[in-house]
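First the structure, in the form of structure tokens, and then the observations on it.
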Amino acid sequence: RINNFLAAAALVVLGWSHFYQLLALFCLAIVLYKLTVLLMLKRALIRNFESFPGPPGHWLFGNILEFKQDGNDLDKLVKFGQKYPYCFPLWFGPFVCFLNIHHPEYVKTILASTGPKDDLAYSFIQNWIGNGLLVSQGQKWFRHRRLLTPGFHYDVLKPYVKLMAHSTKTMLDKWESYAKTNKPLEVFEYVSLMTLDTILNCAFSYDSNCQTERKNTYIKAVYELSNLINLRFRIFPYHNDLIFYLSPHGFRYRKACMVAHSHTEEVIKKRREALKKEKELERIQAKRNLDFLDILLFAKDENQQGLLDEDIRAEVDTFMFEGHDTTASGISFLLYNLACHPKHQKLCRKEIMQVLHGKDTMDWEDLNKIPYTTMCIKESLRMHPPVPGISRKTTKPITFFDGRTLPAGFRIGTSVFGIHRNASIWENPNVFDPLRFLPENISKRPPHAFVPFSAGPRNCIGQNFAMNEMKVVIAMTLLKYELLEEPTLKPKIIPRLVLRSLNGIHIKIKNANQN
């Protein structure tokens, strides 16, 4: 019996040993298959990018090592653009390549289509903001765009101006101590809280008191998510969902997502409770001004089908982020640019004072009466676009104006920063000159030379909201304060989901001379 038992045990051990050998061979076969597919992909990328010369890259890291995250990366892209006109390929690791375009005629070809955003970089953000208007594609994107467009009609935007002014006043009152002490003021943090307060009040009728709280967890989560998404894009192994999920950075990403989602869920929950007895938009409108969330909750297509709960959450997450972080970047760099150019600042203040006639706030009717200030806003958006780059994936072969082509399935990055600093389009592109936006000067440039809000059918749906907010904020700020440059703290500009500065954006302020 003992011998029989030992023989049976030996057979079991041999069986398991055989099983492990087969498993190892199976895993090896999968690895070899994946490696073969990747090598074939790389060969196809090299072959199709042959007609697009670009900076040489490392065999493993590609061009990633060129970008040090030290505040000079965007300037490096502009220099590459000077050497390689129109466009050039950039490699991120051994198997990911983007055709980086920086010329209006190339941009026109890409942005004229409704093609999808690229499936790599934007997939990293999807767990956070869902499949909303920013990343959705095809019929879903068409349907959502059509349903959400009424939320940005001027009748909806008009009451927002007073709410924008109220949030701006709260921020400016907090700056009083800086005006008295001459200490440098880091504006991005204050402006982020103000723009979050504004989007919550305007689009969601939600009073968060976020400007008066000591620390805002949502703002902190957005910073964390933005940095982690950038890190994931730069580290090739993190492109794999499982590897990123199991990493410490993946844990931090999920934790920050939970904070962001809890914030938006609270906003939606409160509105649903408030609307339990209301079934029609007209009855709500009779009581108060409609906002974006009202239109989102009541939106119905031609088949009387509304948005699913997950779609509503995705759109709220999208607009909560897009509606505050991009405008925060645009306003912060606008304040910085006017601080660095006192002559233009003085002309803006004079224009604003003439229009407002002693008022200390902006009204809807005032927004289109400040043309010089508007030109300064546009010039600041040119020099420091809030979204420094966007990317698409080709769904069909594409031919550019110079005859070069790319097949379907290739990723194309539009460098908004590179287009706006392209010396073949903009004379002295590093000089702040608002007169570039006089009508006679605009007419001399290609239409796609200035694309801070993208262009074409997938342009920014909230661009009028953003421009209105920038006008309100800069008008009220210049009425109260004079902005001064802080030469010892120049911003170190870095591309994230929005344009940021490694060391913050610092200026000094003093009370404006009302005379």
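Not measured: the values here are computed from a predicted model.
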For Arg496, salt bridge (charged side-chain N to carboxylate O under 4.0 Å, His left out) partners two or more places apart: none
Quick check: Trp128 with Phe321 (ring centres under 6.0 Å apart)? yes
Approximate separation, where rounding is to 0.5 Å, of Leu296 CG and Ile312 CD1: 5.5 Å
Would you find a donor on one side and an acceptor on the other, under 3.5 Å apart, between the side chain of Thr195 and the backbone of Ser192? yes
Does Glu379 have any salt bridge (charged side-chain N to carboxylate O under 4.0 Å, His left out) partners at least two apart in sequence or in another chain, and if so, which? Arg382, Arg436
Counterpart residues, side chain to side chain donor-acceptor pair (under 3.5 Å), relative to Arg252 (two or more places apart): Glu224
Backbone N or O of Leu338 within a donor-acceptor pair of the Gln345 side chain at under 3.5 Å? yes
For the pair Arg146 and Asp301, find out whether any cationic side-chain nitrogen is under 4.0 Å from an anionic carboxylate oxygen. no
By side chain to side chain donor-acceptor pair (under 3.5 Å), which residues pair with Thr488, not counting sequence neighbours? Glu486
Once ring pair (Phe, Tyr, Trp, His ring centres under 6.0 Å) is applied, do any residues pair with Tyr218, and if so which ones, sequence neighbours excluded? His263, His324
Under the salt bridge (charged side-chain N to carboxylate O under 4.0 Å, His left out) rule, what pairs show up with a residue in residues 347-368, not counting sequence neighbours? Lys162-Asp363, Lys359-Asp363, Lys359-Asp366
List in chain and number order the residues that pass salt bridge (charged side-chain N to carboxylate O under 4.0 Å, His left out) with Lys492, two or more places apart in sequence or in another chain; answer none if no residue qualifies. none
Residues passing the ring pair (Phe, Tyr, Trp, His ring centres under 6.0 Å) test with His384, sequence neighbours excluded, are Phe333
Report the relative orientation of the aromatic rings in His341 and Phe432; use parallel for angles under 30°, tilted for 30 to 60°, perpendicular for over 60°. parallel
Do any N or O atoms from the side chain of Ser262 and from the backbone of Met258 form a donor-acceptor pair under 3.5 angstrom? yes
Go through the side-chain N and O atoms of Asn131 and Ser136 and say whether any donor and acceptor fall under 3.5 Å apart. no
Please confirm whether the backbone N or O of Leu120 pairs with a side-chain atom of Ser123, one donor and one acceptor, at under 3.5 Å? yes
Sorted by chain and number, sequence neighbours left out, side chain to side chain donor-acceptor pair (under 3.5 Å) with Tyr372 holds for His344
Ring centre gap for Phe450 and Phe437 strictly below 6.0 Å: yes
Any ion pair linking Asp75 and Lys79 (charged N to carboxylate O, less than 4.0 Å)? no
With under 30° as parallel and over 60° as perpendicular, where do the rings of His102 and Phe88 fit, or are they tilted in between? tilted
For residues 460-474, dump all side-chain donor-acceptor pairs below 3.5 Å to protein atoms at least two apart in sequence or in another chain.
unit_1 : atom_1 : unit_2 : atom_2 : d
Gln463 : NE2    : Cys460 : O      : 3.2
Asn468 : ND2    : Asn464 : O      : 3.3
Lys471 : NZ     : Leu367 : O      : 3.3

Apply side chain to side chain donor-acceptor pair (under 3.5 Å) to Lys174 and list each qualifying residue two or more places apart in sequence or on a separate chain. none
Can Phe152 and Phe292 be said to form a ring pair (Phe, Tyr, Trp, His ring centres under 6.0 Å), step by step? CA-CA 8 Å; Phe152 296 91; Phe292 172 74; 5.6 Å; yes
Across all chains, not counting sequence neighbours, the salt bridge (charged side-chain N to carboxylate O under 4.0 Å, His left out) partners of Glu66 are none
